[in-house]
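First up is the structure itself, then whatever we jot down about it.
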Amino acid sequence: MKKSNSMYLLHRVNIKALTWSRDSHGLYDYESHNVHKRLIQASSPLCIIRSGTDIQSISIPSELTSMPNFNILCSLDQEKSEFFIKPHDSEPLWQVVRSMKCQYGSGCILKEGDIIKLGRVSFKISSLKALDDKSSNDNTQDSEDIDCDIPNERETGVCKVCLYDDSEPNNPLISPCKCSGSMKHVHLLCLQKWLASRMVARNTENCITYSWKSMECEICKWTYPFSFCNKGRENDLFSLERPEAPYLVLEDIAGDRNNNKAIHVISVTSKNSVKLGRGHDSDVRISDISVSRCHAIIKLRDGNFLLEDNISKFGTLVMSKDKIHIPNNYSVVVQTGRTVITMSLKNNSSPFDLGAELDNSLDDENIQIGKRSL
Ligand SMILES: [Zn+2]
Ligand SMILES: [Zn+2]
């Protein structure tokens, strides 16, 4: 492998890529031994691609035509002597939570806007509140900022629910779906009321789950957004009861499942820890076969929400939109589709046996754990 620049010979990156043989919903089975292993050593930027179960690295820039039907998984970037893993547009890059390190040990400190994935089920951390700080109430956002087509002042129309045509600042006539003609408009309050009537709230000790059978317009089948902007003001279509802080709100991101939508409002204190999983004793119950019975745990540490994986079969992941720095002291483990990639920095020393060294340095990175959580 060629070295790109004599100034930066000090470091190289050991890369181990494990690809699960099965291609199922972009999952990687952390218990399976039926994986294809590929070891790569890099001392300059490169791109990692997958074709079938075959992983290859190509230098950047390069002609990408050598492998048929390949996916670009991610790239290795270099800035001076620092290396980074960079996501690629074609496939999301996820950090593997069980391999992540923070000041509280292993796990990931959650931030507002983070997307997490348990098995194949994704959630957005739409709100996160550690302290009962009144002043920050206004900053709390539950929802996507989706603009709706609001009728002009002079446009005439009647509400398809109550058939009145009045429009007040706090109860405007809006058109939040694709309906047209006499079915186009609805009052904000009429729509909120209608949606609330379809909502089911379920309580466990540490969590209130609001769920809807369907969030879509019955006529045009358009899925309503959680909120919309009208003249710069954000309006929620759903009103949620919030507990006292600290709490966080997880919003279901519909994947390939049905139309069910759910929002989980989770209370976390320094004394409890909140279990997420498929099991009946979970605080946040997720009914999906790819989710382990007790899949992940959320704890509160110094006002931070810490997400830990509970040795789940298909892993707990956090989406990485930005490049990830590869530090000196531990490996970075990412998943993209059914491939798990471990990257660790090594000081360049004497000639080495790449295979043996990679294996030694990466095997403590317990991404392959044979024991399944309950
Ligand atoms: Zn109305
Ligand atoms: Zn409609």
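Residues: numbered from 1 along the sequence shown. When a ligand or atom number is given, it counts from 1 through the structure's own listing order.
Judged by distance alone, with hydrogens and angles left aside, the side-chain atoms of Asp309 form a donor-acceptor pair with the main-chain N or O of Ile311 at under 3.5 Å. At least one donor-acceptor pair closer than 3.5 Å links the side chain of Arg98 to the backbone N or O of Ser312. Arg50 contributes no side-chain N or O that, together with a main-chain N or O of Asn71, makes up a donor-acceptor pair within less than 3.5 Å.
Geometry about the Zn ion (ligand 1) gives an angle of 110° between SG of Cys159 and SG of Cys190, rounded in steps of 10 degrees. Vertex the Zn ion (ligand 2); arms to Cys220 atom SG and Cys177 atom SG; angle 110° (nearest 10°).
Looking at His187, its N, O or S atom nearest to the Zn ion (ligand 1) turns out to be ND1.
Taking the six-membered ring where the residue is Trp, the centroids of Phe314 and His295 are separated by 6.0 Å or more.
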